S.K.: 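Would you mind keeping the following structure in view while I ask a few things?
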Number of protein chains: 2
Amino acid sequence: MHVTLKTIAEEAGVSITTVSRALAGYGDVNEQTRRRIIEIAERLGYQPNLAARHLRSKRTYTIGMVIPRTAHYSDPFFMELVAGVGKQASEHGYDLLLSAQMQGEEELSAYRRMVAGGRVDGMIVARVLWQDPRIAYLRQVYHPFVAFGRTEDPAHPYIDVDGAEGMYQLVAHLVEYGHERIALIQSPRELAFTADRCGGYRRGLEAFDLPYREEYVIQGNLTRHSGRLAAEKLLALPTPPSAIIACNDLMALGASEAVHARGLRVGRDVAIAGFDDIPEATTATPPLTTVRQPIYGIGHRLVDMLVRLMQHEEVDNTQVLLQPELVIRASSGTPPTR
Amino acid sequence: MHVTLKTIAEEAGVSITTVSRALAGYGDVNEQTRRRIIEIAERLGYQPNLAARHLRSKRTYTIGMVIPRTAHYSDPFFMELVAGVGKQASEHGYDLLLSAQMQGEEELSAYRRMVAGGRVDGMIVARVLWQDPRIAYLRQVYHPFVAFGRTEDPAHPYIDVDGAEGMYQLVAHLVEYGHERIALIQSPRELAFTADRCGGYRRGLEAFDLPYREEYVIQGNLTRHSGRLAAEKLLALPTPPSAIIACNDLMALGASEAVHARGLRVGRDVAIAGFDDIPEATTATPPLTTVRQPIYGIGHRLVDMLVRLMQHEEVDNTQVLLQPELVIRASSGTPPTR
DNA sequence: ATTGAAATCCAAAACGTTTTGGAGTACCCT
DNA sequence: AGGGTACTCCAAAACGTTTTGGATTTCAAT
């Protein structure tokens with residue numbers, strides 16, 4: 001039989017109220033009674049029914065997060081983020097409710113289920129879109145959330161990495177290494193960080209008096225495969241670029257494959273750079289030059305901020321822009337010898 | 001204001017019961033009434049309160065999983081598993097409740113919170129221990145679960161990979177490549193798969209008339225760092241081994257570092273092999289010879305089996321032993337030339 | 001006209017908790 | 001004796017849903 005407050009109350013000869021208040025640590029129950037109740041609760045292995053508690057108190061101590069349901073394998077960016085968020089959530093006494101959904105309508109209905117269904121106290125939103133319906137929804141219902149990524153349009157709590165600055169540094173780095181034909185494999189336009197990063201790329205070119213060439217900018221969709229396809233197109237141009245920057249590491253790794261497949265060597269014949277610094281960037285051959293986003297640590301900070309928002313504490317700064325860190329590895333070649 | 005069944009009932013001029021039954025699709029409500037109710041529900045954006053539903057119906061459509069709360073970074077094995085489980089859970093209409101906990105008492109109390117607290121319909125247990133208190137608990141309360149890993153002691157539903165066979169194949173492979181001094185970096189004894197894998201190692205040695213040498217077996221704790229330490233000890237022996245097998249990939253990668261640090265080359269001077277085939281195994285330098293556990297796919301199958309158990313369907317086989325697949329890469333060297 | 005069955009609806013209970021608004025006692029101070 | 005305070009305790013309501021066990025109406029068949 002399942003043991004409830006009622007079981008304990010009968011065993012102890014007190015009311016349900018008293019048991020509840022004894023276990024919750026209220027001051028209005030005799031110390032001796034409390035000890036007896038606690039002893040009985042432990043002996044019977046009492047576990048509060050959380051559904052009942054949530055129903056009554058409206059607090060779930062759960063954080064929600066929806067991740068993309070990809071066809072076959074796992075996205076290292078999201079897995080790293082889940083790890084960071086899950087760890088820090090536990091640290092604060094929260095569990096993490098995960099739902100993997102196809103992007104679009106299905107995803108939004110998962111948000112509604114979690115939020116309006118009262119299953120979570122707050123949400124983490126990752127990979128923000130340009131006009132993000134998820135953020136619009138959360139704002140509309142005044143539900144606590146923090147996003148990894150920013151949009152200017154409606155201001156909201158976020159943590160983000162300065163992608164423009166990161167891209168600028170990449171361009172500067174490649175120019176220093178002697179490159180003048182620098183291509184870009186772009187992320188989908190609807191992603192909020194795309195404009196940011198592409199802006200940094202353009203600003204970099206301008207700063208070093210390099211022309212912006214239409215044919216050097218190709219659209220990818222963040223997957224390794226799309227990076228490979230894009231790089232193949234670039235390398236087949238009459239005047240192929242000597243360096244390729246991808247908007248994320250996965251596409252950069254795909255581009256490396258394309259370079260290999262052409263019989264060229266990454267870092268010597270073609271320089272490659274990515275963005276994110278996923279674990280694989282370190283161990284790839286050659287290791288990938290990239291811009292570091294401390295994803296795991298950002299997961300921590302997202303939760304820290306969200307926990308304070310959920311508890312309606314004063315948060316000094318709900319819009320955090322982190323400075324990126326250029327990580328130079330072998331894929332961008334060797335410094336020019338002078 | 002929050003919209004509940006009551007709101008809709010008032011708007012439609014019917015009872016709460018009727019609204020509930022209309023939305024649930026019961027046959028005892030007039031088709032016209034049903035349509036009106038559904039129209040109102042959609043117009044008001046009704047979302048059922050899941051806590052209330054769970055409290056009453058005892059079904060949560062949630063699967064629980066506890067992962068280790070490691071100090072700093074994410075364990076690729078668990079992240080891969082979470083990805084597979086999360087994806088397939090969504091496919092079945094389930095969400096995934098994750099809790100990151102330190103192993104031991106804290107972990108067990110997370111199990112109790114989820115199970116006895118009525119938050120989940122079933123659990124996935126990963127990295128099974130020799131006499132696993134989590135499994136003992138789940139069996140005691142008759143709660144549905146499936147484990148990744150097996151213990152003989154109490155029989156339970158599981159999916160596992162035949163570690164003994166995998167290890168045997170690794171040894172055979174290394175012997176074929178000319179090795180006679182094959183060391184083992186062992187996983188912690190309390191893990192269920194340790195006995196399995198070590199047994200395969202011994203059986204392999206015996207089959208090829210190689211001696212089992214105490215000093216060639218060193219204890220690790222599954223982390224990269226422990227693999228490195230173990231390999232350093234092995235390489236410092238008077239007669240160091242020519243090949244090292246680690247019980248998981250992470251330790252094998254650590255061992256590679258130790259080999260590098262000694263100025264030796266992995267694959268030429270010392271052969272290294274691991275177990276798991278995590279994503280990094282492919283991209284490491286040199287790529288790691290290992291035994292493949294299709295972790296993502298196992299996540300799928302765990303959920304498939306669990307869903308059937310939770311719905312009390314007949315399950316033909318609740319104990320699945322998968323045959324492993326030897327994946328030969330450069331870290332074990334080149335075939336002998338004859 | 002009566003009966004029976006089918007179709008449609010609903011009041012009330014139940015799930016297990018927290019919270020509200022006191023009630024009862026004991027004791028001390030005037 | 002009366003009034004105040006501190007300390008313990010509790011009945012009942014509330015959270016929003018599902019389910020139980022009818023009640024009512026309609027209509028066709030006798």
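Computed from a prediction, not measured in an experiment: that's the story for all the values here. Proteins come first, then strands; the chains are lettered A, B, ... in the order of their sequence lines, and each starts at number 1.
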S.K.: Salt bridge between A:Arg308 and A:Glu314, side-chain N to carboxylate O under 4.0 Å?
M.R.: no
S.K.: OH of A:Tyr61 versus P of C:dT17: gap in Å, rounded?
M.R.: 17 Å
S.K.: Given atom CZ of B:Arg36 and atom P of C:dT8, what is their separation to the nearest angstrom?
M.R.: 13 Å
S.K.: Quick one: which of D:dT17, C:dT19, C:dC15 gets closest to the side chain of A:Tyr26?
M.R.: C:dT19
S.K.: Quick one: is B:Thr33 getting a side-chain N or O under 4.0 Å of the C:dC9 phosphate, OP1 or OP2?
M.R.: yes
S.K.: Are side-chain N/O atoms of A:Thr62 and A:Asp95 paired as donor and acceptor at under 3.5 Å?
M.R.: no
S.K.: Please state whether the phosphate of C:dT18, meaning OP1 or OP2, lies under 4.0 angstrom from any side-chain nitrogen or oxygen of A:Lys58.
M.R.: no
S.K.: Are any of the side-chain nitrogens in B:Arg127 or B:Asp75 under 4.0 Å away from the carboxylate oxygens of its partner?
M.R.: yes
S.K.: Rounded to the nearest Å, what distance is computed from the CG atom of residue B:Leu23 to the C1' atom of nucleotide D:dT19?
M.R.: 15 Å
S.K.: At 4.0 Å (heavy atoms only), tell me whether B:Asp28 reaches a base, stays on the sugar-phosphate, or touches nothing.
M.R.: base
S.K.: Select from B:Ala52 and B:Arg21 the residue whose nearest nucleotide in DNA chain D is closer to the 5' end of that strand.
M.R.: B:Ala52
S.K.: On DNA chain C, check which nucleotide each of B:Val29 and B:Ser57 is closest to and give me the residue with the more 5' one.
M.R.: B:Val29
S.K.: May I ask you to establish whether A:Arg59 and A:Tyr61 are in a cation-pi arrangement, using a distance under 6.0 Å from NZ or CZ to the six-membered ring centre and at most 45° from the ring axis?
M.R.: yes
S.K.: Please pick, from C:dA11, D:dT17, C:dT18, the nucleotide with the shortest atom-to-atom distance to any side-chain atom of B:Thr17.
M.R.: C:dA11
S.K.: Below 3.5 Å, does any donor atom in the side chain of A:Arg56 face an acceptor in the base of C:dT18, or the other way round?
M.R.: yes
S.K.: Output yes when at least one side-chain N/O atom of B:Tyr46 is less than 4.0 Å from OP1 or OP2 of D:dG16, else no.
M.R.: no
S.K.: Any side-chain N or O of B:Ser20 below 4.0 angstrom from OP1/OP2 of D:dT18?
M.R.: yes
S.K.: Taking only the side-chain nitrogens and oxygens of A:Ser15, find out if one of them lies under 4.0 Å from OP1 or OP2 of D:dC10.
M.R.: yes
S.K.: Quick one: which of C:dT8, D:dC9, C:dT17 gets closest to the side chain of A:Thr4?
M.R.: C:dT17
S.K.: Looking at A:Asn49, I'd like to know whether one of its side-chain N or O atoms comes within less than 4.0 Å of OP1 or OP2 on C:dT17.
M.R.: no
S.K.: Rounding to a whole Å, what distance do you find between B:Arg59:CZ and D:dT17:P?
M.R.: 19 Å
S.K.: If you assign each of A:Gly27 and B:Lys6 to its closest nucleotide in DNA chain D, which residue comes earlier from the 5' end?
M.R.: A:Gly27
S.K.: Specify the separation, in whole Å, of atom NE2 of B:His2 and atom C1' of D:dA14.
M.R.: 16 Å
S.K.: At under 4.0 Å, does any side-chain N or O of B:Thr18 touch on OP1 or OP2 of C:dC10?
M.R.: yes
S.K.: Measure the distance from CD1 on B:Ile8 to C1' on C:dC10 and round it to the nearest whole Å.
M.R.: 17 Å
S.K.: Consider only side-chain N and O atoms of A:His92 and A:Asp304, and report whether a donor and an acceptor are under 3.5 Å apart.
M.R.: yes
S.K.: State whether a side-chain donor-acceptor pair under 3.5 Å links B:Thr18 with B:Ser15.
M.R.: yes
S.K.: What is the distance, rounded to the nearest whole Å, between atom CG of A:Leu5 and atom P of C:dT18?
M.R.: 6 Å
